Amino acid sequence: MTRQTRVLFVCLGNICRSPTAQGVFEQLVRDAGLDALIAVDSAGTGDWHLGKAPDQRARQAALGRGVDIGHLRARLVTPADFDHFDYILAMDRANLDALERMKPDWYLGHVGLFLPFAGELGEQDPDEVPDPYYGGFDGFERVYELVYQASLGLLDHIRVHHVDAGER
Ligand code: 4NP
């Protein structure tokens, strides 16, 4: 049997960007019929919102595209996540730095930025998903768009390197 590939999305509060990424990526995985083979979760590096549902604006932006993230609850990244996840993907460099500091020497999975999985995004070609928390609703729509593009690329990547490769 092919081994499950496990993905953890990480941002600061786990109430805006990473739950959006979890919801979007889970939906793509489900639509591809791969939910038995790819597991998805999200977590934050900051503890202000533990146990909270995603920010209302993030819920609204996702729901507008048919993705319901209202059931998700914020949690912290923990050392045990490095035992469990094959891909630990940060929304920005500050969160990547925090993950790099936590990463045990023996970890063989991929810790990196999420957005590069989107490939070319156009002129500015950002590699971070900007923190939308202190901005307006348009920032949340931008987060959704970026996260959606990166999710398409990540699913392709996992298909090629794990699922189709028949990882055993
Ligand atoms: P997130 O957004 O990291 O995408 O969940 C934020 C949520 C809360 C805060 C900052 C960013 N905050 O400062 O409370």
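Since the structure is predicted, the reported quantities are computational estimates derived from the model, not experimental observations. Counting starts at 1 for both ligands and their atoms, following the listed order.
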- Task: Mark up the atoms of ligand 1 that fall under 4.0 Å of a heavy atom belonging to Leu12, in ascending order.
- Result: 3 (O), 10 (C)

- Is the side chain of Asp127 donor-acceptor paired with the backbone N or O of Leu115 at a distance under 3.5 Å, no angle test? no

- Item | Transitive ILVMFWY cluster of Leu50, excluding itself - 4.5 Å side-chain cut-off | Leu76

- Item | Sub-3.5 Å N/O-N/O distance, Cys16 and ligand 1 | yes

- Task: Please confirm whether Cys11 comes within less than 3.5 Å of ligand 1 when only nitrogen or oxygen atoms on both sides are compared.
- Result: no

- At what distance is the nearest protein heavy atom to atom 8 (C) of ligand 1, and which residue and atom is it? His49 NE2, 3.4 Å

- If you draw a 6.0 Å radius around CZ in Arg142, do more than 12 non-hydrogen atoms from other residues or ligands fall strictly inside? no

- Item | ligand 1 contact on Asn14 by region, counting heavy-atom pairs under 4.0 Å | backbone

- Task: Give the residue and atom name of whichever protein heavy atom lies nearest to atom 9 (C) of ligand 1, and the separation in Å to one decimal.
- Result: Tyr133 CD2, 3.5 Å

- Message: Please evaluate residues Thr5 and Asp86 with respect to the criterion side-chain hydrogen bond (donor to acceptor under 3.5 Å, both in side chains), reporting the C-alpha separation (whole Å), side-chain torsions for both, the decisive distance (0.1 Å), and the verdict.
- Response: CA-CA 6 Å; Thr5 301; Asp86 306 290; 4.9 Å; no

- Taken to the nearest 0.5 Å, the spacing of Arg73 CZ from His49 NE2 works out to 14.5 Å

- Taking NZ, NE, NH1 and NH2 as the nitrogens, is one of them in Arg93 or Glu100 under 4.0 Å from a carboxylate oxygen of the other? no

- Query: How does Asp131 reach ligand 1, if at all, at less than 4.0 Å between non-hydrogen atoms: by side chain, backbone, both, or neither?
  - Reply: side chain

- Note on the structure: Contacts of Ser18 meeting side chain to side chain donor-acceptor pair (under 3.5 Å) (sequence neighbours excluded), chain-then-number -> Asn14

- Message: I want to know if ligand 1 touches Trp48 in the polar sense, i.e. an N/O pair below 3.5 angstrom.
- Response: no

- Task: May I ask you to identify, for Tyr134, whether its side chain, its backbone, both or neither come under 4.0 Å of ligand 1 on a heavy-atom basis?
- Result: side chain

